[in-house]
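Residue numbers begin at 1 in each chain, while the letters A, B, ... track the order of the sequences. Predicted, not measured: the structure shown is a model, and the values here were computed from it.
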Amino acid sequence: MKPYDPSVIEKKWQQEWEEKNTFAASNDSDKPKYFALVEFPYPSGQGLHVGHPRSYTALDVIARKRRMQGYNVLYPMGWDAFGLPTENFAIKNHIHPEIVTRNNVARFKAQLQSLGLSFDWTREINTTDPAYYKWTQWIFLQLFKHGLAYKKEMAVNWCTGCKCVLANEEVVGGVCERCGGEVVHKVKSQWMLKITAYAQRLIDDLALVDYPERVKAQQINWIGRSEGAQLSFETTAGDPVLIYTTRPDTLFGATYMVVSPEHPLLAQWMEKGLLQNAAEIAAYQKLANQKSDFERTEVAKEKTGVRLCGVEAINPVNGEKIPIFTSDYVLTSYGTGAIMAVPAHDTRDWEFARKFGLPIVEVVKGGEVEKEAFTDCETGVMVNSGFLNGMTVEQAKQAIIRYLTEKGIGEKKVNYKLRDWVFSRQRYWGEPIPIVHCPHCGFVPVPEDQLPVRLPKVDSYEPTDNGESPLSQIEDWVNVPCPHCGAPAQRETDTMPQWAGSSWYFLRYTDPHDAQGFASRKALDYWLPVDWYNGGMEHTTLHLLYSRFWYKFLYDIGQVPTAEPYAKRTSHGMILGKGGEKMSKSRGNVVNPDDIVREFGADTLRVYEMFIGDFEKAAPWSTDSVRGSRRFLERVWALQDNVADGDAVRPALELAFHKTIRKVGEDVENLKFNTAIAALMALLNELTAAGSVTRGEYRILLKLLNPFAPHMTEELWETYGDNGAQLAYAPWPVFDQAKCVADTVEIAVQVNGKVKARVMIPNGADAPTAYAAARADEKIAALLAGGQLVKELYVPGKLINFVIKG
RNA sequence: GCGCCCGUGGCGGAACUGGCAGACGCGCCGGAUUUAGGAUCCGGUCCGAGAGGGUGCAGGUUCGAUCCCUGUCGGGCGCACCA
């Protein structure tokens, strides 16, 4: 036996796979199709992280198993290469981002190939390739033509670090999710995508797909649907104030109103001179405007606000005049930017009322509204509410909405927290937005035959401090004739966010070289939907939501065949540093997969990453434990010294083999890679104990192990295989359910629920036989003699329980 | 604050639908081999000498609870002044 040398074996097979395109998928095959997908990486300068292979190996195991099961498998890979780190690196080192990207991609690709992942490299894509982003731009134009892309002047999130606008989804805890920079509000004219038009369907269609519950819950939560009523309050100024509430039942308890500091009525009323304390209000507005998102969302913050002196509102159900305030606890961007305040039944209103000495009127009985707001909707009964008195909250909601509708004051209304997607970025390294601004024609789409709008080559692509894209500096690129009327016009100079290219990339894999469209209809019909998509939880309300939106739009305009893009989604846990903290350069606990491959081999790294723990949970890295995986492979390798003739499984090992085949198959499908490996280790232990394997037994072991350790098993298959095709396409072993059960089983014998003995009985023995066997045990007999038998239970194959008294 | 998830040996983690807790691996201990170390192989390894006791803690349901229920403590994640 040659010693196990992964550095030689792995190189050999990787070369073989590359030369022969072993894993190329066919768009024309009689086999059933299987589309396995992992999130394509951003090729950063740091190279691959040990977290990447966890996801990639998992679906590689699935892809390899599917090939052995006779599927035509598409398992593709590409590069999500637009984005800020590349641009920042380029700026710092004076290298063009295109070159930085090329270098990073080359490094990433070499690293991925060193792991033996069975990607179809003939379908490699790159979002920064003009032949690719042509279609990103094309999809944007379809959105524009269908009224789902629009430009609007509004207050947006501005990252002071990236000098760039951010989408709501990119602001985490008031700071930039990428750079951690402070986020402030800036009024800018921005391209927006109308994702809100799909809010309801993005919720409803989660019923059609197999996603983890936590993923569904997070998306539903983010979309934030609520049901209530929209209604207007008349004011003494004559202009009504429109409000949204989820508790219209508490209308009689509305003792004041609040409008957001940015509410347009404030400016109107000031202009008319209606507000006696205009200066005070203006000062408050200014203060609110200066606050960053972080300050605004700080928890446990004291309520602040200013009363609007000179204008009062009228409660539409009881005619009472109530004061109006402005406060930053009311958000401009949600609902109508104004609320009716019911301090007795809303925690925030309660706090505000307490601070400003406003009346708290109880309208739902059940709490102690002098002590705290009573927000329960289940148990209360309406009081102090005119015609609603005596109703439950639910009845009152319906009655009041009926009343408001009849009187023409208001109506039932559904609201979402989801906002439209801010789609402009003031940076260089992104897809140019293919729109021309014409002074006569307005926003004119670049004609489709002129796509792609290429990024111009420039010397300086630094972001500007004035909030303009660097592209705006390049006059001969910016100035073009209007495609519609020919008059001098200007290109849009903002670029798309990084999420643009990744919102449809999986479609391109089906037909990556198509020049006529983003993919041919035939290829899309054949491959979609993606059968299994694995990716990180951090993308749940970013990429995953965005790509569902784009896909649904493409479905609506007849471009793709199904309502949802991904039939099944799973999420892996993070790989943490040794102590359980996040891996980071500053902590110095980053493990480089290259080092592990060099020291132990790719197969060992793959097996270890699958064995490290529950796939869906975070797991700390342990290089010590990697050794265990290497030992396991060494022992499989060493088994070749003890291969005996024979294609059959020896009778004594039938049970072990059939059970292992079943277990490995089931575990892999259920994301239990760790226990699948454990089962293989247990089988190996049995084979080692048996002293030898037959050729047939060895083949089964190699097949089961192949998806995890493809190089080593393929190498052994050369000698011990069945002279047929490569192991990669050898048929996956099948098990016989009847052979998965033993002839005799050991069952536990309990007395009063405590295990006292174990006995062997024939499998499927009836109760009398089992009881007799148990009673035959000396210890059990003694215990039974010492008390009175009250009850006896027999769970076939498991245990017997004697319940005795005394 | 609201919603969700998780607490099992020294460590990572197993345990079908309520039925023998600790599979598998790491580490550790002992032995073999070795000049030595490393590597490898064999044996042991929840605690306890034993009866017995053990799945964060306190209760409950049950013949039987890591699993179901109530309360509590600890950790994590998501959303977060969303009316």
At under 4.0 Å between heavy atoms, what does A/Asn415 touch on the DNA or RNA strands: base, sugar-phosphate, or nothing?
nothing

Determine the contact category for A/Ser622: base if any of its heavy atoms lies under 4.0 Å from a base atom, sugar-phosphate if only primed atoms, P, OP1 or OP2 are that close, otherwise nothing.
nothing

Per nearest nucleotide of RNA chain B, the residue lying toward the 5' end, A/Lys617 or A/Leu799, is A/Lys617

Expressed as a whole number of Å, how far does the P atom of B/rG74 sit from that of B/rA80?
26 Å

Below 4.0 Å: OP1/OP2 of B/rC42 and any side-chain N or O of A/Arg635:
no

For atom NZ of A/Lys672 and atom P of B/rC24, their distance in whole Å
18 Å

For the pair made of CG in A/Asp667 and C1' in B/rG13, what is the distance, rounded to whole Å?
14 Å

Provide the Watson-Crick or G-U wobble partner of B/rG18, both distances under 3.5 Å; none if there is no partner.
none

Which whole number of Å gives the distance between the P atom of B/rG13 and that of B/rG76?
16 Å

Row check, A/Phe352 ring normal vs A/Lys303 NZ/CZ: under 6.0 Å, within 45°
no

Shortest side-chain distance from A/Tyr334, nucleotide among B/rA21, B/rC79, B/rA83:
B/rA83

Within the structure, does a side-chain N or O atom of A/Lys756 lie under 4.0 Å from either OP1 or OP2 of B/rG52?
yes

Heavy atoms, side chains only, cut-off 4.5 Å: are A/Leu705 and A/Phe632 in contact?
yes

Given B/rG25, is OP1 or OP2 found less than 4.0 Å from the side-chain N or O atoms of A/Asn685?
yes

A/Ala679 near the nucleic acid: base, sugar-phosphate alone, or nothing, with a heavy-atom cut-off under 4.0 Å?
nothing

Using the ring of each side chain (for Trp, its six-membered ring), is A/Tyr608 parallel, tilted or perpendicular to A/Trp621, with breaks at 30° and 60°?
perpendicular

Given B/rG25, B/rA83, B/rC79, the nucleotide with the shortest approach to the side chain of A/Tyr244
B/rA83

Check the orientation of A/Phe615 and A/His572. Use parallel for under 30°, tilted for 30 to 60°, and perpendicular for over 60°.
tilted

Taking the C1' atom of each, how far is B/rG27 from B/rU33, in whole Å?
22 Å

Using Watson-Crick geometry (N1-N3 plus N6-O4 or O6-N4) or G-U wobble (N1-O2, O6-N3), each under 3.5 Å, B/rA36 is paired with none

Could you check if the base of B/rG9 is syn or anti? Syn means the glycosidic torsion is within 90 degrees of 0.
syn

pair_partner(B/rC24), Watson-Crick or wobble, both distances < 3.5 Å, evaluates to B/rG12

Taking 4.0 Å as the cut-off, does a side-chain nitrogen or oxygen of A/Ser625 come that near to OP1 or OP2 on B/rC11?
no

Under 4.0 Å, counting only non-hydrogen atoms across every strand here, what does A/Ser226 touch: a base, just sugar-phosphate, or nothing?
sugar-phosphate

Could you identify the nucleotide paired to B/rC4, looking across every strand shown and requiring Watson-Crick or G-U wobble geometry with both distances under 3.5 Å?
B/rG76

Using a cut-off of less than 4.0 Å, is there contact between a side-chain N or O of A/Tyr329 and OP1 or OP2 of B/rA83?
no

Separation between the P atoms of B/rC26 and B/rA21, rounded to whole Å
25 Å

Check: A/Asn221 side chain, B/rC79 base, donor-acceptor under 3.5 Å
no

Under 4.0 Å, counting only non-hydrogen atoms across every strand here, what does A/Arg419 touch: a base, just sugar-phosphate, or nothing?
base

Can you classify the ring geometry of A/Phe708 versus A/Phe673 as parallel (below 30°), tilted (30 to 60°) or perpendicular (above 60°)?
perpendicular

Starting from P on B/rC63, measure out to CD1 on A/Ile804 and report it in whole angstrom.
16 Å

Send over the distance from A/Gln219 CD to B/rC79 C1', rounded to a whole Å.
14 Å

Quick one: label A/Asn801 by what it contacts on the DNA or RNA (base, sugar-phosphate, nothing), any heavy atom closer than 4.0 Å.
base

Taking donor-acceptor contacts at under 3.5 Å, does the side chain of A/Lys798 reach the base of B/rC16?
yes

A/Glu746 near the nucleic acid: base, sugar-phosphate alone, or nothing, with a heavy-atom cut-off under 4.0 Å?
base

Between B/rU61 and B/rG52, how far apart are the C1' atoms? Round to whole Å, please.
25 Å

Using the P atom as the point on both nucleotides, what is the distance between B/rG38 and B/rA14, in whole Å?
32 Å

Calculate the interatomic distance between A/His572 atom NE2 and B/rC77 atom C1'; express it in whole Å.
15 Å

Determine: side-chain N/O of A/Arg627 to OP1/OP2 of B/rA39, distance under 4.0 Å, yes or no.
no

Which base sits across from B/rC41 as a Watson-Crick or G-U pair, both distances under 3.5 Å?
B/rG31

Please check this pair: side chain of A/Asp777 against backbone of A/Lys779, looking for a donor-acceptor N/O pair closer than 3.5 Å.
yes

Measure from CD1 on A/Ile612 to C1' on B/rG12 and round the result to the nearest Å.
8 Å

Could you tell me how far B/rC24 sits from B/rG31 if I compare only their P atoms? Round to whole Å.
24 Å

Euclidean distance, atom CZ of residue A/Phe632 to atom P of B/rG12 [Å, nearest integer]
22 Å

Between A/Trp222 and A/Ala217, which has a closest nucleotide on RNA chain B that is more 5'?
A/Ala217

Salt bridge check, A/Lys413 against A/Glu411: does any charged N sit closer than 4.0 Å to a carboxylate O?
no

Can you tell which of B/rC42, B/rC26, B/rC24 lies closest to the side chain of A/Ala678?
B/rC24

With both distances under 3.5 Å as the test, what is the Watson-Crick or G-U wobble partner of B/rA49?
none

Taking CD from A/Glu792 and P from B/rG19, how many angstroms apart are they, rounded to a whole number?
21 Å

So if I take every side-chain heavy atom of A/Asn674 and compare against B/rC24, B/rG19, B/rG13, which nucleotide ends up nearest?
B/rG13

Taking OP1 and OP2 of B/rG78, is either one under 4.0 Å from a side-chain nitrogen or oxygen of A/Arg214?
no

Can we say A/Glu686 and A/Lys659 salt-bridge, meaning some charged N sits less than 4.0 Å from an Asp/Glu carboxylate O?
no

Salt-bridge criterion met for A/Lys355 and A/Glu351 (N-O under 4.0 Å):
no

Pairwise C1' distance for B/rG50 and B/rC4, with rounding to whole Å:
46 Å

